[in-house]
Amino acid sequence: EVQVVESGGGLVQAGGSLRLSCAASGFTLSDDDVIAWFRQAPGKEREGVSCISRSYGTYYADSVKGRLTISSDAAKKTVYLQMNNLEPEDTALYYCAAALIPTYGSDWDDESEYEYWGQGTQVTVSS
């Protein structure tokens with residue numbers, strides 16, 4: 001069974017850091033697989049934060065560039081999201097998603113590309 005499970009969320013003060021983890025199981029995390037982080041703040045639509053693929057590289061939303069860094073450990077089948085200099089606006093439920101058959105040329109933050117989703121991990125940034 002394919003699964004992605006998030007962890008690492010919590011409560012942090014503005015300017016602080018957190019590292020989220022997305023543990024994958026049931027698939028091999030090959031070069032073409034795309035793992036992404038999305039987030040949904042209260043009252044807002046879910047939005048793409050970042051994604052990574054060994055074949056296609058890394059992408060970030062403009063709002064997080066320079067503060068968040070995505071990385072992967074193939075041996076551990078885990079993708080990380082290092083979040084630095086957090087802002088209250090980063091408060092959201094963060095989801096990990098996996099695209100095992102990505103469509104070439106599609107937008108990285110197109111939710112319909114991602115077949116598997118985790119339950120989410122809450123990040124709260126206090127001012």
Side-chain angles (χ1 to χ4, degrees):
E1 180 185 7
V2 175
Q3 282 189 319
V4 289
V5 179
E6 308 94 336
S7 62
L11 173 64
V12 64
Q13 289 188 331
S17 298
L18 283 174
R19 189 178 78 160
L20 305 185
S21 298
C22 172
S25 61
F27 62 105
T28 58
L29 198 57
S30 68
D31 289 352
D32 289 344
D33 294 337
V34 181
I35 306 296
W37 288 95
F38 289 80
R39 68 184 181 185
Q40 188 167 20
K44 295 186 177 181
E45 293 188 354
R46 190 158 56 187
E47 62 175 357
V49 176
S50 180
C51 78
I52 188 167
S53 163
R54 287 196 292 277
S55 291
Y56 307 119
T58 59
Y59 294 86
Y60 296 93
D62 289 341
S63 61
V64 305
K65 284 179 181 177
R67 300 188 298 115
L68 275 57
T69 303
I70 194 168
S71 62
S72 68
D73 185 328
K76 294 182 178 180
K77 296 173 63 175
T78 300
V79 170
Y80 303 99
L81 187 67
Q82 178 66 44
M83 309 168 68
N84 298 329
N85 194 21
L86 283 162
E87 304 169 350
E89 292 74 22
D90 296 314
T91 295
L93 187 61
Y94 283 72
Y95 296 92
C96 177
L100 306 189
I101 314 175
T103 303
Y104 181 78
S106 64
D107 293 333
W108 71 267
D109 56 351
D110 181 350
E111 294 187 22
S112 67
E113 289 290 318
Y114 296 89
E115 305 102 317
Y116 304 98
W117 293 78
Q119 294 299 308
T121 185
Q122 179 67 38
V123 171
T124 303
V125 184
S126 63
S127 58

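FYI, side chains are in, hydrogens and waters are out, and symmetry mates aren't considered; it's all heavy atoms of this structure. Along the sequence shown, residues carry numbers from 1. What you see is a predicted model, and the numbers here were worked out from it, not measured in a lab.
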CD (Q13) and OG (S127) are apart, to the nearest 0.5 Å, by 9.5 Å
**Asked** Would a line drawn from the ring center of F27 to the ring center of Y116 be shorter than 6.0 Å?
**Response** no
- Please test Q122 against T91 for side-chain contact (heavy atoms from CB on, under 4.5 Å), starting from the C-alpha separation and ending with a verdict. CA-CA 8 Å; Q122 179 67 38; T91 295; 4.1 Å; yes
In this structure, CD of Q119 is separated from SG of C96 (nearest 0.5 Å) by 12.0 Å
Legend entry - D110 and S112 side chains, donor-acceptor separation under 3.5 Å: yes
- Query: Under a 4.5 Å side-chain heavy-atom rule over Ile, Leu, Val, Met, Phe, Trp and Tyr, are L29 and V34 clustered together?
  - Reply: no
Query raised in the report: Is any side-chain heavy atom of T121 less than 4.5 Å from a side-chain heavy atom of S7?
Result: no
Here the pair of heavy atoms bringing E113 nearest to S106 is CD-OG, 3.4 Å
- If two hydrophobic side chains count as joined below 4.5 Å and joins carry through other members, does I35 share a cluster with Y114? no
- [ ] Given side chain to side chain donor-acceptor pair (under 3.5 Å), test D32 with S55 step by step and report yes or no.
- [x] CA-CA 5 Å; D32 289 344; S55 291; 2.6 Å; yes
Any donor-acceptor pair under 3.5 Å linking the side chain of D73 with the backbone of A75? yes
ask   = Quick one: does T78's side chain have a donor or acceptor within less than 3.5 Å of a partner on A24's backbone?
value = no
Practice item. Starting from the C-alpha separation in whole Å, work towards a yes-or-no answer on side-chain contact (heavy atoms from CB on, under 4.5 Å) for T69 and Y80. Key: CA-CA 8 Å; T69 303; Y80 303 99; over 6 Å; no
Point to revise | More than 12 heavy atoms from other groups under 6.0 Å of CD on Q40 | key: yes
Here the gap from S50 atom OG to L20 atom CG, rounded to the nearest 0.5 Å, amounts to 11.0 Å
Closest heavy-atom pair, Y60 versus L68, reported as atoms and distance to 0.1 Å, is CE2-O, 3.2 Å
- Query: Does I70 belong to the same Ile/Leu/Val/Met/Phe/Trp/Tyr cluster as Y56, with side-chain heavy atoms less than 4.5 Å apart forming each link?
  - Reply: no
Hey, is the main chain of W37 close enough, under 3.5 Å, to the side chain of E6 for a donor-acceptor pair? no
Closest non-hydrogen contact found for S63 with R39 is OG-NH2, 3.6 Å
L81, V125: one ILVMFWY side-chain cluster at the under-4.5 Å cut-off? yes
Next item on the list: Describe, in one word, how the ring planes of W117 and Y95 are oriented to each other, choosing from parallel (under 30°), tilted (30 to 60°) and perpendicular (over 60°).
Entry: perpendicular
On a heavy-atom basis, the closest approach of V123 and M83 is CG1-CE, 4.3 Å
Smallest heavy-atom separation, A99 atom then E115 atom, equals CA-OE1, 3.0 Å
### Query
Does F38 belong to the same Ile/Leu/Val/Met/Phe/Trp/Tyr cluster as V4, with side-chain heavy atoms less than 4.5 Å apart forming each link?
no
In short, G48 meets A61 closest at the heavy-atom pair O-CB, 3.4 Å
